[in-house]
Amino acid sequence: MSPLRTAAAPAATLTLTAPTSPREGDRLAFHWATDAPDPKNWIGIYDGDRRPGTGSSLVWSYVPAASGDITLDTSGLGEGVYTAYLLAKDGYGVLARTAPFTVAARPPVVRPHSVTDAFTTGAYGPGERVSVALAPLWIRPAGNPSGTPSFRRLSGDAWLNVAADGTVTGTAPARPGAHPGRITVAVRDSAGGSDTVTVQVPVRRAWARPSLTVASLNLWDAGAHTADPHEKLLRLVLGQRLDVVALQESAASSAGTLARALGWHAYDTAAGVGLLSRFPLDDASAPVADVPAIAATLRLPGDRTVRVWAAQLDEAGYGPYALRDGRSPAEVEAAELKSTRHRQTTALLAAMKKDLASRRTPVVLAAGLASPSHLDRGARLRWPVTVALAAAGLRDAHREAHPRPARAPAATWSPVRPDEPQDRVDQVQYAGPLQVEAAHTLCTGWPRPVPDTAANGWPSDHAAPAVTFTLH
């Protein structure tokens with residue numbers, strides 16, 4: 001007996017041809033071919049793992065020919081996974097199907113805009129000429145057409161004006177008022193963006209002591225782990241009214257890039273540490289040979305000066321890990337004394353010795369110490385790095401302002417690594433004729449933990465200590 005013969009199933013194919021990586025709003029093109037054409041054959045698109053016959057298709061069209069190309073209006077499809085089917089004779093018999101394809105979210109269109117809607121400048125003395133450039137703070141996101149912003153005054157104090165190029169100018173009044181000067185400026189970009197910016201300009205009284213807000217900030221590989229780090233850093237500096245920022249992991253150029261946008265001063269080094277300052281910087285030192293550390297002299301109003309040091313100590317063999325793993329405090333302290341970190345501390349203090357010996361010029365050290373403080377953990381463990389700094393005459397500004405660690409732990413490591421030991425490894429210390437007016441730890445917003453950090457408004461994996469001083 002000869003074997004029975006069965007009819008072969010119709011041969012058919014269906015392929016997504018363009019775009020190969022679709023995004024929301026795209027119209028999708030398909031090619032189909034079948035050896036069983038019919039006037040009522042049709043193509044339908046279904047979401048997720050739904051198959052024809054389970055609910056309606058999201059988009060469909062008849063395809064009567066044996067083969068051809070068709071573009072469907074899929075602009076209404078949202079982000080998700082979809083499959084297209086070639087179906088027979090106005091029914092749900094599947095002739096062919098595409099591989100599942102993903103429609104990705106289309107990034108929102110970001111118009112040109114100002115870094116911030118409002119900020120306060122540094123204080124000016126009576127009769128001092130004001131000049132603040134707004135144009136470098138105008139952000140044109142990648143992918144936007146080039147354009148030119150123009151600026152005009154909307155309202156404000158009569159002594160402040162703005163030019164079309166965005167330069168705010170004026171002469172600080174001889175008799176400062178109770179409130180800072182204020183000007184609100186409208187911005188319109190030829191590429192379609194518009195915004196308003198309010199600038200406040202404080203005027204200090206002639207007899208007022210100079211003040212200074214210093215922060216230490218680890219840039220976490222120069223901002224590589226968040227989107228738009230330059231804009232976020234500018235917003236941080238302006239929004240928090242910082243005067244000086246000691247930078248670590250700066251990639252040898254971050255301070256200068258920020259300074260050009262702010263109209264400030266900078267000192268960048270290949271050692272990965274830098275200084276960003278509202279005030280002029282003089283007498284910059286080369287990086288210390290045995291430790292990533294630099295120094296420069298700030299020139300403040302009234303011919304006052306402050307010597308500022310920035311440093312980043314070695315992070316290897318982090319002591320709290322050993323405590324977590326069961327080592328005793330005595331064992332951990334002994335290991336710290338033998339560490340590269342402690343050798344660097346000794347080298348740093350040797351380099352600072354001349355500055356610390358001066359009783360007239362204040363000294364500030366803003367640094368990533370890679371070590372907790374003996375003032376935070378009390379007698380449990382005398383962390384050698386901070387013990388050495390204290391022995392050299394440096395004072396912990398945060399603990400001056402907040403002497404009870406339990407009430408103000410101020411951990412800086414790490415706001416995006418919740419499983420890490422939470423310690424205050426970044427500090428601002430000082431010596432000489434300075435008074436601590438305020439000390440706090442900066443970490444704006446609610447940053448998501450690693451690895452989902454790209455959208456964080458906070459651009460680092462460290463929080464930043466910030467201290468406001470007045471000069472005696």
Side-chain angles (χ1 to χ4, degrees), residues 209-218 240-248 267 273-279 281-285 288 291 293-302 304-313 344-376 383 385-403 405 408 410 412 424-442 463-472:
R209 292 178 177 175
S211 68
L212 181 70
T213 299
V214 181
S216 178
L217 178 61
N218 184 303
Q240 299 298 322
R241 295 190 63 184
L242 304 178
D243 296 311
V244 180
V245 187
L247 302 176
Q248 301 94 40
Y267 178 32
V273 289
L275 285 169
L276 173 68
S277 172
R278 188 191 301 275
F279 304 104
L281 296 171
D282 288 339
D283 303 324
S285 69
V288 177
V291 56
I294 58 172
T297 299
L298 303 182
R299 300 290 176 182
L300 276 65
R304 301 297 300 272
T305 61
V306 176
R307 189 70 169 165
V308 176
W309 285 79
Q312 180 177 20
L313 302 186
Q344 289 178 333
T345 304
T346 301
L348 172 62
L349 290 172
M352 296 179 68
K353 184 176 181 179
K354 181 179 177 181
D355 291 340
L356 291 172
S358 172
R359 295 183 177 274
R360 298 180 59 185
T361 301
V363 178
V364 174
L365 169 65
L369 300 180
S371 169
S373 171
H374 67 290
L375 298 178
D376 291 352
W383 294 97
V385 167
T386 56
V387 167
L389 297 179
L394 285 159
R395 304 172 72 176
D396 183 333
H398 188 86
R399 282 291 160 251
E400 290 276 320
H402 306 283
T412 63
R424 190 168 61 97
V425 302
D426 305 270
Q427 296 186 22
V428 176
Q429 302 218 3
Y430 76 100
L434 292 172
Q435 179 175 327
V436 176
E437 297 294 337
H440 56 286
T441 301
L442 295 175
V467 179
T468 299
F469 298 101
T470 54
L471 279 68
H472 291 311

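When a residue number appears, it is its place in the shown sequence, counting from 1.
At a threshold of 4.5 Å between non-hydrogen side-chain atoms, the residues Arg241 and Thr213 do not count as touching. For the pair Val306 and Val244, the minimum side-chain heavy-atom distance is 4.5 Å or more. Between Leu389 and Gln427, the closest side-chain pair of non-hydrogen atoms is not below 4.5 Å. Using a 4.5 Å heavy-atom threshold, the side chains of Ser371 and Leu313 count as separate. Contact of the Val436 side chain with the Tyr430 side chain is registered, since non-hydrogen atoms from C-beta on lie closer than 4.5 Å. With contacts defined as side-chain heavy-atom distances shorter than 4.5 Å, the pair Leu281/Leu298 qualifies. Thr386 has its side chain out of reach of Leu375: every pair of non-hydrogen atoms, C-beta onward, lies at least 4.5 Å apart. No side-chain heavy atom of Leu434 sits less than 4.5 Å from a side-chain heavy atom of Arg395.
When atom types are taken as modelled, the side chain of Arg304 and the backbone of His472 share a donor-acceptor pair closer than 3.5 angstrom. Tyr267 places no side-chain N or O within donor-acceptor distance of the main-chain N or O of Ala295, the cut-off being under 3.5 Å.
Considering CG of Asp243 and CG of Leu300, their distance stands at 8.0 Å, rounded to 0.5 Å. The structure places CG of Leu217 at 10.5 Å from OG1 of Thr412, a figure rounded to the nearest 0.5 Å. Between atom CH2 of residue Trp383 and atom CG of residue Leu369 there is a gap of 12.5 Å, rounded to the nearest 0.5 Å. From Leu356, atom CG reaches atom NZ of Lys354 across 12.5 Å, with rounding to the nearest 0.5 Å. Between the OG1 atom of Thr361 and the CZ atom of Arg307 there is a distance of 9.5 Å, given to the nearest 0.5 Å.
When every heavy atom of Ala463 is checked against every heavy atom of Thr441, the shortest pair comes out as CB-CG2, 3.6 Å. Minimum interatomic distance between Ser216 and Gly368 (heavy atoms only, all atoms of both residues): OG-N, 4.2 Å. The heavy-atom pair separating Arg399 from Pro405 by the smallest distance is NH2-CA, 3.5 Å. Residues Gln248 and Ala366 come closest through the heavy atom pair NE2-O, 4.1 Å. Nearest approach of Val428 to Pro465, heavy atoms of both residues: CG2-O, 4.0 Å. In this structure, Thr305 and Pro362 approach most closely via the heavy-atom pair O-CD, 3.3 Å.
Few gaps surround CZ on Arg299; more than 12 heavy atoms of other groups in view lie less than 6.0 Å from it.
Checked options Leu394, Leu275, Leu365, Ile294; the residue passing with Trp309 is Leu365 (criterion: side-chain contact (heavy atoms from CB on, under 4.5 Å)).
A side-chain donor-acceptor contact under 3.5 Å links Glu437 and Thr470.
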